[in-house]
Each structure stands twice: as C-alpha cells, then as structure tokens.
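Treat the numbers as computed from the prediction; the structure is a model and nothing was measured.
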Amino acid sequence: MNGFGFSEKESEYLESVNREYDKRLSPYACKNNAAIYCKAAKENSPFRTPFNRDADVIFYSAVFRRYGIQENPLVFSRRYDLLRRSFHASLVSKMSREIGRVLKLNCDLIEAIVLGLDLGHTPFGAKGESYLSDCYFAHTGKYFRSNVQSARIFRSVLNCNVSLQVLSGILCHKGELTCHSYAPAPLNGFDLFDHQISECYRNSEFYKTLRPNTLEGCLVRVCDAIAYIAEGPTEIYRSQTVPDRAYTQDAIPTYKNKDFINHLMINLVKNSIESPSLNMDETVFRNMQTLIWERNVAFEMNEELNAPYETVIKPLMNALYERLLHDIAEMNKTSPIFDYMKDKIQGRGYFDCDPIIKTAADPNDIVTDFIASMTDDSFIETCKRLHICDELTERNF
C-alpha cells in the first residue's frame, strides 16, 4: 500500500467514523448515506463523505474563483472597504455551521450549499440581475434568477455530479421569509427538481414558493436572510451614499452587528432544539421583516443611489447582450463570447466538436451564462473591448 491510498483496515476505520457521525446527527438531519445523485460518484473514498465531495466540486470550479472580487451592490461608490460577496458567503457559512452544530445537523451538507449559494450572481448585484433578466425575457419569454443560475451552473453548464440535497439548497436559498416556522419540503428526485427550475424560468414569482428539501438547506436560507439584514447598516455607513438612519430595535435590541446576529441566532436555536423545523419568536420574525423592508428602502428603492445604474449599467447591459448574440449568429470568433465557449471547462457543454455549436444550445442561454459569470470589472472591460457605448464607459469608469 502506497502513501496515497488506504488499506482495508484503514478504510474500515474511516467507514466506522462516518457511520458514527451519522448516528450522532439529529433525527431531522440529512444523513450522509441519504445523498441522492444522478449517477454514481467516480470517487468512493471513505475519507470524504458525499457532501464533502460536493463541496470539493464547487470549491474547485472555475466560477468559484471570482467570488473574492465580486462586489456587493454599491459599485459607483468605488470604496474598497465595502462588503464583497465572499464576506457574505463566509458570514452565512459561519452562522449556519454554528447553529447546525448545536442542532446536530449535517455541517458537511451545510458547507457545500453555502459554497454554491451565490455563484450565479450577476455583475452589479440585484440591478444587474434585473437588467439581464429583462434582456433574456425579451428574447426567450423566460426570466433570469441568480439562484436558478447558481443551480444551473452545476446541473447543466458544468454538468457536475452534485447531490440533489445540495442543488435544492442552492436553488431555494433565495425567496421571501414568509413564516416564523420554516420546514423542508419533499423532493426525492431530479425530475421534480428540473421541473422546479423550468417553472422558475416561466413564472417570475415561482421561486418564492420553493423550500429546500433538507433542514440544513432551510438553515442556510434563514442565515442568508440574517446576513443580508446585518450587512445593511455597515454598507450604508461605509458607502457614505445613504444618510445614517436608526434601524428598528424593538425585539433585537442592539446597534452592533455582532450582537444583532448573536441575538437572532440565540432566538433561532432556543426555538428549534429537537424540532423538525426552524422557528423564531413571532415578534423577532416580524422585526426581521421590518429590517428587510428598511434595507430595501435604503438601497433598492433609493432613486439617487440607483440613478447611475439606470443611466449607465442598463444601456450597457442591453447593448452588450445584443452584440454578443450578433457575434454568435455571425460566428465572429474574435468575440470574447467565443473565448468563453471554447473554455475546456465552462464551455464544453456548448459544442459537439470545435468549432460547431450544438444546435441544442440556445445562443440566449450562452450569452446569459457568459454575462452572469462576469465580475463588475470584467463586464466593463468587455464593453470597452467591444466599444460598447464608449461615451458611457469613458465617462464613468
């Protein structure tokens, strides 16, 4: 036996460790041996649980590398101490694993879901997502959603063998927290999962009805909402683009983010011990809803803050989308869209053989995948390279 494999005795030990890990989990947790896949895993080492392997697939993917430089929404402030998506993901991971540990949930599954959570996010945050969706809908009659794109990356674009539980957690992480008691929804096969994806494309509100199929996925979704709220005051203060304001403090009495998060986590744990659902006090939940509304007022509904997006990013998005579609139709192989399609990893699903595009690959899907994979800076650089609205890019970037 060499130093890079396990003997039979070592394998038996590791398998016993994995069995003991599953035994210690809550009866409401997702066990590692319950992982559902489309096809058998290439690796079946006892050193890694199925959800460990899922986390590796996501972590080492090409799309994960852009996480560290993807900005949260205030690009026009150009401040380098604003929150990045990588910080948001780290905060969600930290909260989810801390709560998951004391509730005896599967932390391997939690980690894998969080790693893939925001990989479908477009450049320029929620505004960029809305503008890209408008372009996509105008040509296809389908809506673009970042959570759907996150799941599509691993289900279709990269064609990775990721478990149903992880994909469900990724797909269902975005939505409105509609009740103070949150439980998983049944989902036992990929046929229903693919149907959910299709419905998200057809119906703009369908994603709000979805729930993950595990309690771990539900926990990630709740922690994602908590992080979203907690980051609001920090972004407002550091961006210096929105006047300071007092946030509602009735049921969550603190002005410090760490205390705010801690109080919410404590309330969630107190109400969820040995429970098949995640629960909060009614007053705490209502207060969370108020905080979400206040953050939306501060950002999404702030006309002054959003004006540059409407006058700069929206026309750039429309013009770039049309140009890339034209480049595919004309087989303009000098276009950056062909660099993307020819990528051995990200583009392998678009070709029968180089350089013939699969007839099954809709050019709108290719363009949307490409734009959604960009960071803010790479979006602008692509516009400059193609001389898209030079007057806008030269004046603003």
Side-chain angles (χ1 to χ4, degrees), residues 21-32 34 49 51-52 54-55 58 83 85-118 147 163 165-166 168-185 210-232 234 251-254 256-289 291-292:
Y21 181 87
D22 272 6
K23 286 180 181 179
R24 290 195 297 270
L25 294 177
S26 161
Y28 309 111
C30 180
K31 308 298 192 292
N32 287 298
T49 68
F51 300 127
N52 285 151
D54 289 345
I58 296 170
L83 298 172
R85 291 206 181 279
S86 56
F87 177 87
H88 174 81
S90 299
L91 179 57
V92 175
S93 177
K94 180 178 183 298
M95 287 190 292
S96 301
R97 286 183 289 108
E98 286 181 357
I99 296 173
R101 180 183 63 82
V102 296
L103 296 183
K104 297 183 180 180
L105 301 182
N106 192 327
C107 289
D108 293 339
L109 173 55
I110 288 171
E111 180 186 27
I113 293 172
V114 175
L115 285 174
L117 206 61
D118 286 342
N147 57 311
S163 69
Q165 288 89 342
V166 170
S168 175
I170 291 172
L171 175 66
C172 302
H173 89 270
K174 187 175 180 179
E176 296 180 353
L177 196 60
T178 55
C179 57
H180 63 282
S181 181
Y182 203 73
L210 295 176
R211 293 193 178 200
N213 68 338
T214 63
L215 199 56
E216 288 81 358
C218 293
L219 177 59
V220 171
R221 177 164 162 177
V222 173
C223 289
D224 184 64
I226 294 173
Y228 175 81
I229 299 167
E231 290 160 7
T234 300
I252 311 171
T254 178
K256 295 181 179 179
N257 271 12
K258 65 177 182 179
D259 295 331
F260 168 87
I261 293 171
N262 187 50
H263 290 167
L264 281 173
M265 291 172 63
I266 289 173
N267 192 265
L268 187 62
V269 169
K270 281 170 56 94
N271 289 282
S272 305
I273 294 174
E274 297 183 344
S275 169
S277 61
L278 300 172
N279 312 286
M280 291 183 183
D281 290 339
E282 179 72 19
T283 53
V284 172
F285 168 71
R286 295 301 173 196
N287 199 51
M288 278 188 64
Q289 288 188 314
L291 291 169
I292 291 174

Quick one: does I99's side chain get under 4.5 Å of L278's, heavy atoms only?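 They are not in side-chain contact.
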Within a strict 4.5 Å, meaning less than it, do heavy atoms of the T214 and L105 side chains meet?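 No - every pair of side-chain heavy atoms lies 4.5 Å or more apart.
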side-chain contact (heavy atoms from CB on, under 4.5 Å) partners of N271, counting only residues at least two apart: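 N271 satisfies side-chain contact (heavy atoms from CB on, under 4.5 Å) with N267, N279, D281 only.
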side-chain contact (heavy atoms from CB on, under 4.5 Å) with N147: which residues, sequence neighbours excluded?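 So N147 forms a side-chain contact (heavy atoms from CB on, under 4.5 Å) with R145, L171, H173, K174, Y207.
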Would you give the length of the straight line joining atom [atom1] of [X] to atom [atom2] of [Y], rounded to the nearest 0.5 angstrom?
X    : Y    : atom1 : atom2 : value
L103 : L25  : CG    : CG    : 11.5 Å
I226 : L268 : CD1   : CG    : 6.0 Å
I266 : I261 : CD1   : CD1   : 12.0 Å
L219 : D224 : CG    : CG    : 11.0 Å
R101 : S96  : CZ    : OG    : 13.5 Å
E216 : D108 : CD    : CG    : 10.0 Å

Partner residues of [X] under the side chain to side chain donor-acceptor pair (under 3.5 Å) criterion, sequence neighbours left out:
X    : value
N213 : S168
E282 : H180, R286
S163 : D54
K104 : none

For [X] versus [Y], what's the shortest heavy-atom pair and its separation?
X    : Y    : result
P276 : A183 : O-CB, 4.2 Å
A55  : A112 : N-CB, 3.9 Å
H88  : A227 : CE1-CB, 3.7 Å
S277 : L215 : CA-CD1, 3.9 Å
L109 : C30  : CD2-CB, 3.8 Å
A225 : M288 : CB-CE, 4.4 Å

With sequence neighbours excluded, tell me which residues meet salt bridge (Lys or Arg N to Asp or Glu O under 4.0 Å) with K270.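 Listed in chain order: nothing, the list is empty.
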Looking only at atom types and distance, does a side-chain atom of [X] sit under 3.5 Å from a main-chain N or O of [Y], one as donor and one as acceptor?
X    : Y    : answer
S272 : S275 : no
R97  : I110 : no
Q165 : A34  : yes

Please report the C-alpha distance between L264 and V222 in whole Å, then the side-chain angles of each, then the deciding distance to 0.1 Å, and finally whether the side-chain contact (heavy atoms from CB on, under 4.5 Å) criterion is met. CA-CA 10 Å; L264 281 173; V222 173; over 6 Å; no
Please, which pairs that meet side-chain hydrogen bond (donor to acceptor under 3.5 Å, both in side chains) have at least one residue in residues 21-31, sequence neighbours excluded?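 Sorted result for residues 21-31: D22-N32.
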